[in-house]
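Structure, as structure tokens:
Throughout, numbering of the chain's residues begins at 1 and tracks the sequence.
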Amino acid sequence: MRKAAVALIVTVVAVVLLAGYETHPPRTLTQRDAQRPRHAAPAAPRAPHTRTATGPARTTPFSVVQVRATLTRGRLTGVQTVALSGAGPHTRAINARAEPILRAEALRAGSARVHAVSGATFTSRVWIASLRDAIAAARR
């Protein structure tokens, strides 16, 4: 009988705690929600045959992403993520993990032909699309 009473009390406490737990659905972001870096690095002197362009800000259901590409003699030599926002801590953590991987892979490949980062499919797709557009703009 004593075990049954303890089990009942534990169950009631668990139900009360779960009933009071609040969740928040993901917030849909717009391009205005993009968080730009507060302090931009000073512009480096441009070398001859170097062109830089920024792709358009693109959105996922959870983030806003914008990428800048630098081409030297037509080859991708620099990639900078200009905007990368997230609707919540989980999204920001995913973006923070995926962005350096995408940037390193793009520089290694010398193009936007890179694979999506596992677990960050939406972010990867729009990051790659913004990079592709930035490269195309730099080549014009």
Side-chain angles (χ1 to χ4, degrees):
M1 183 70 176
R2 188 174 196 190
K3 288 182 182 180
V6 170
L8 180 61
I9 291 171
V10 168
T11 302
V12 169
V13 169
V15 168
V16 168
L17 290 173
L18 286 174
Y21 184 75
E22 292 184 36
T23 61
H24 302 285
R27 195 178 96 213
T28 303
L29 297 177
T30 64
Q31 287 183 354
R32 263 189 255 147
D33 295 326
Q35 297 174 348
R36 305 229 181 244
R38 290 184 183 159
H39 303 289
R46 287 179 36 127
H49 309 290
T50 299
R51 300 189 70 170
T52 299
T54 303
R58 295 183 173 266
T59 60
T60 73
F62 314 104
S63 302
V64 176
V65 180
Q66 188 172 27
V67 180
R68 178 177 297 134
T70 302
L71 278 65
T72 303
R73 298 187 188 280
R75 176 143 171 89
L76 183 66
T77 56
V79 177
Q80 179 186 10
T81 302
V82 178
L84 183 60
S85 66
H90 181 69
T91 301
R92 286 191 298 272
I94 289 172
N95 291 347
R97 182 181 63 83
E99 191 275 337
I101 295 169
L102 290 165
R103 188 169 16 88
E105 289 299 313
L107 288 170
R108 185 174 298 126
S111 71
R113 291 183 187 178
V114 296
H115 294 285
V117 174
S118 179
T121 305
F122 286 132
T123 298
S124 297
R125 286 181 181 167
V126 297
W127 192 94
I128 292 166
S130 184
L131 175 61
R132 188 178 305 121
D133 290 342
I135 292 170
R139 287 190 171 141
R140 286 188 213 127

Could you check whether any side-chain N or O of [X] sits under 3.5 Å from a backbone N or O of [Y], counting only pairs where one atom can act as donor and the other as acceptor?
X: Ser85; Y: Val64; value: yes
X: Thr72; Y: Thr77; value: no
X: Thr91; Y: Phe62; value: no
X: Ser111; Y: Arg113; value: yes
X: Thr81; Y: Ala83; value: no
X: Arg51; Y: Ala69; value: no
X: Arg103; Y: Gln80; value: no
X: Thr54; Y: Arg68; value: no
X: Thr11; Y: Ala7; value: yes

Taking the side chain as every heavy atom from C-beta outward, state whether [X] and [Y] have any pair of such atoms under 4.5 Å apart.
X: Leu84; Y: Gln66; answer: no
X: Thr70; Y: Thr50; answer: yes
X: Val82; Y: Val67; answer: no
X: Phe122; Y: Ser63; answer: no
X: Thr123; Y: Val117; answer: no

CA sep, side-chain torsions, deciding dist, call: Trp127, Val79, side chain to side chain contact (heavy atoms under 4.5 Å, CB included): CA-CA 11 Å; Trp127 192 94; Val79 177; 3.6 Å; yes
[X] and [Y]: which non-hydrogen atoms are nearest, and at how many Å?
X: Ile94; Y: Ala120; value: CG2-CB, 3.4 Å
X: Ala138; Y: Leu71; value: CB-CD1, 3.8 Å
X: Ile135; Y: Ala112; value: CD1-N, 3.9 Å

Rounded distance [0.5 Å steps], CZ in Arg139 versus CG in Leu76: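 Interatomic distance, Arg139 CZ to Leu76 CG, rounded to 0.5 Å: 8.0 Å.
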Enclosure of Arg97 CZ (heavy-atom neighbours >12, cutoff 6.0 Å): yes
Check against side chain to side chain contact (heavy atoms under 4.5 Å, CB included), Val6 and Leu8: CA-CA 5 Å; Val6 170; Leu8 180 61; over 6 Å; no
